[in-house]
Amino acid sequence: MKNHQKHDKLFINTISPPNEVKHVSGKPVGDAGKDPFCVYNHQRHAAGSIIENKDGSKTICTKDGSWQNIKKD
């Protein structure tokens with residue numbers, strides 16, 4: 001496993017099964033030491049990152065550091 005430091009750079013990512021991570025933001029959008037992030041599969045993801053679930057639903061990383069389901073219209 002990668003040795004994560006407190007000040008890891010954060011990227012906005014799109015995550016799809018099975019754990020395929022794509023950077024949406026080309027440049028880092030934050031720093032794990034001071035900016036909000038969510039953890040998924042032992043990795044830090046910036047607020048705004050989205051998990052695309054197998055059933056078509058989506059979950060987003062919020063600014064309070066939690067994953068929340070996105071409501072469908």
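Computed from a predicted structure; not experimentally measured.
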Worksheet item: Are the side chain of S25 and the backbone N or O of I12 linked by a donor-acceptor pair below 3.5 Å?
Response: yes
Item to complete: Taking all non-hydrogen atoms of both residues into account, name the closest pair between N53 and P17 and its distance.
Response: C-CG, 4.3 Å
Discussion item. Distance check, rounded to the nearest 0.5 Å: F37 atom CZ versus S49 atom OG?
Written reply: 11.5 Å
Item to complete: For E52 and I15, run side-chain contact (heavy atoms from CB on, under 4.5 Å): C-alpha distance rounded to whole Å, both residues' side-chain angles, the deciding distance at 0.1 Å, then the answer.
Response: CA-CA 6 Å; E52 297 175 343; I15 306 157; over 6 Å; no
Fill in: N69/S57 under side chain to side chain donor-acceptor pair (under 3.5 Å): CA gap, chis, key distance, verdict
CA-CA 8 Å; N69 291 327; S57 64; 5.7 Å; no
Worksheet, complete the sentence: On a heavy-atom basis, the closest approach of G65 and C38 is C-SG, 3.5 Å
Practice prompt. Have a look at R44 and tell me which of D35, D8, N13 forms a side chain to side chain donor-acceptor pair (under 3.5 Å) with it.
Written response: D8
Response to the item:
Shortest non-hydrogen pair, P28 vs K9, comes out as CB-CB, 3.7 Å
Fill in: Ring geometry between Y40 and H45 (parallel below 30°, tilted from 30 to 60°, perpendicular above 60°)
tilted
Item to complete: Is it possible for you to say whether V21 and I50 belong to one hydrophobic cluster, with membership spreading through side-chain heavy-atom contacts below 4.5 Å?
Response: no
Practice prompt. Kindly give the heavy-atom pair with the smallest separation between W67 and T59, and that separation in Å.
Written response: CB-CG2, 3.6 Å
Practice prompt. Ignoring hydrogens and angles, tell me if any N or O in the side chain of D31 forms a donor-acceptor pair with the backbone of G33 under 3.5 Å.
Written response: yes
Item to complete: Check for a donor-acceptor pair, side chain of D64 on one end and backbone N or O of S66 on the other, with a separation under 3.5 Å.
Response: yes
